[in-house]
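The structure appears below as structure tokens.
We number each residue from 1, following the sequence as shown. As the structure is a prediction and not an experimental result, all values here were calculated from the model. Read the numbers this way: they start at 1 and go in the same order the structure lists the ligands and their atoms.
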Amino acid sequence: MNLTADRATIAEMDSTPTVNLYDLSRAALEEMLAAWGYSSYYAGQVWANLYRRLATSVGEMTELRPQLAERLAAEAIIGVPQTQAIIHSADGHTSKFLLGLADGQAIETVLMYFRGRATACVSTQVGCAMGCVFCATGQMGFRRHLTPGEIVGQVAYVARLLRERGEMLRNIVLMGMGEPLHNYDATMAALETVMDHRGLAIAPRFITLSTVGVVPGIRRLAAEAQPFRLAVSLHGATDEERARLVPPARRWPLAELIAACRHYSETLRRRIFFEWALIDGQNDSPAQAHALGRLLHGLNAHVNLIPLNPTIGYDGRPTEATAVKAFQAVLAGYGLPSTVRQRRGIDVAAGCGQLATDPLRLAAANQGRASDRSAAG
Ligand code: SAH
Ligand code: SF4
């Protein structure tokens, strides 16, 4: 064996940056391949392998010229996240995945059936800087932003799993870990990729971005006429009450937030969804429902009421069903439509961040996974 040559090869490999193909827009992929001497036809082949065939490695890609396959294998990877744990809800409607990233961090991705349609709930950050008190992700604090490829990787992961069952991924909600508008560029890049009609082709009307209310981000969405749905997490109808649950309320007061929402809704002629986690004795009184009705008056709005999903770090309880109905009735009096979202599969900790932060649930999930494996094997 020629040690010197081997060392040289290793040094060469180390100096060649490895690109995660999921990080590249279609244009960037075309550019990279053009620099290697391949026309856009070849970029189209690679793109189809990534997002139509859902290849998990360069080796799995089909119909590539051998030289192109070789170069891709040397310089690129497909950043498929690693399954660390899976839990399925008892009702079979929700599966939650703890996925490991290249640097050892873990995120959560959820597959749920919403009105019979397969929906991927995707993370945009590891942890979150916003610190909402009832949220498991908020309780863990901010670790880092996800790259576009790490966001795309979650969507491809769920799409692949569904395809094995003969199903298609239809909806995406950015309601996993993290605040998408705090990681604006990566989130938009990832959505552009998953919407591409030559790839995963998820229609923008089936993509919902949920934000805690980052005002500059909402204004930017409007200015750029981004095509997907917007959901804003409100949880309080006065600055004081909201700030107790959602600390960013101090930075972006309701007057500014609602003005930005109004601007968004009028500019793009679109309805906005407002999320309200109903917490017993905190934000579920008829007076608070009246305040919400007044706050959203005249806006093209729909309210999603979500009885709190309990987390370890917060001792609040979900609102009882009768009080939920009463709250809804008050909103109806303002002509404000609302839906009660029973969190599907509450037994799998469907609130974001709960799998990553709750050691007991994680242990149970790992056990479940071990028994899945033994059942399969
Ligand atoms: N950061 C974004 C998106 C992720 S959170 C946002 O805050 O909107 C997605 C939704 O789940 C938000 O409406 C959030 O308020 C809600 N949520 C978080 N933890 C929850 C819990 N324990 N119970 C009910 N809803 C929760
Ligand atoms: Fe972050 Fe959203 Fe959780 Fe608030 S609710 S801490 S913004 S993930």
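Between Thr124 and ligand 1 there is no heavy-atom distance shorter than 4.0 Å. Residue-ligand proximity: Gly176 is placed with a non-hydrogen atom under 4.0 Å from ligand 1. In this structure, Ser233 has no heavy atom closer than 4.0 Å to ligand 2.
At least one N, O or S atom of Cys128 sits under 2.8 Å from atom 1 (Fe) of ligand 2. At a threshold of 2.8 Å, atom 4 (Fe) of ligand 2 has a backbone or side-chain N, O or S atom of Cys132 nearer than that distance.
Against a heavy-atom cut-off of under 4.0 Å, Thr311 is close to the following atoms of ligand 1: 22 (N). Interface of Glu275 with ligand 1, defined as ligand atoms under 4.0 Å from a residue heavy atom, comprises 10 (C), 13 (O). Near Leu174, meaning under 4.0 Å from one of its heavy atoms, ligand 1 places the atoms 3 (C). Under a 4.0 Å criterion applied to the non-hydrogen atoms of Gly138, ligand 2 contributes the atoms 6 (S). Atoms of ligand 2 found under 4.0 Å from any heavy atom of Val212, numbered from 1 in the order shown, are 7 (S).
For an aromatic pair to be called close, the ring centres must be under 6.0 Å apart, and Phe327 with Trp276 satisfies this.
Evaluated by nearest non-hydrogen atom to atom 13 (O) of ligand 1, the leading choice among Cys121, Cys128, Ser233 is Ser233.
Arg317 has no carboxylate O lying under 4.0 Å from a charged side-chain N of Asp284, or vice versa, which leaves the two without a salt bridge. Ion pairing between Glu266 and Arg262 fails under the 4.0 Å rule for side-chain N and carboxylate O.
Ring orientation note: the planes of Phe273 and His302 are tilted relative to one another, at an angle of 30° to 60°.
In terms of modelled atom types and a separation under 3.5 Å, the side chain of Thr208 and the main chain of Arg229 share no donor-acceptor contact. Although no hydrogens or angles enter the test, the distance criterion places a donor-acceptor pair under 3.5 Å between the side chain of Ser89 and the main chain of Thr94. Checking side-chain atoms of Asp239 against main-chain N and O of Leu254 turns up a donor-acceptor pair under 3.5 Å. Under a 3.5 Å cut-off, the side chain of Asn49 and the backbone N or O of Thr62 do form a donor-acceptor pair.
Taking only nitrogen or oxygen atoms, main chain and side chain alike, Ile306 does not reach within less than 3.5 Å of ligand 1. Of the N or O atoms in Gly178, one or more lie within a sub-3.5 Å distance of an N or O in ligand 1.
Within a 6.0 Å radius of CD in Glu240, other residues, nucleotides and ligands contribute 12 heavy atoms or fewer.
Contacts between His235 and ligand 1, counted as non-hydrogen atom pairs separated by less than 4.0 Å, involve the side chain only. At a heavy-atom distance under 4.0 Å, no atom of Thr137 approaches ligand 1. Contact annotation: for Thr211 versus ligand 1, heavy atoms closer than 4.0 Å belong to the backbone alone.
Each side chain to side chain donor-acceptor pair (under 3.5 Å) pair with one or both residues in residues 116-126, not counting sequence neighbours, appears once here: Thr119-Asn171, Gln125-His145, Gln125-His182.
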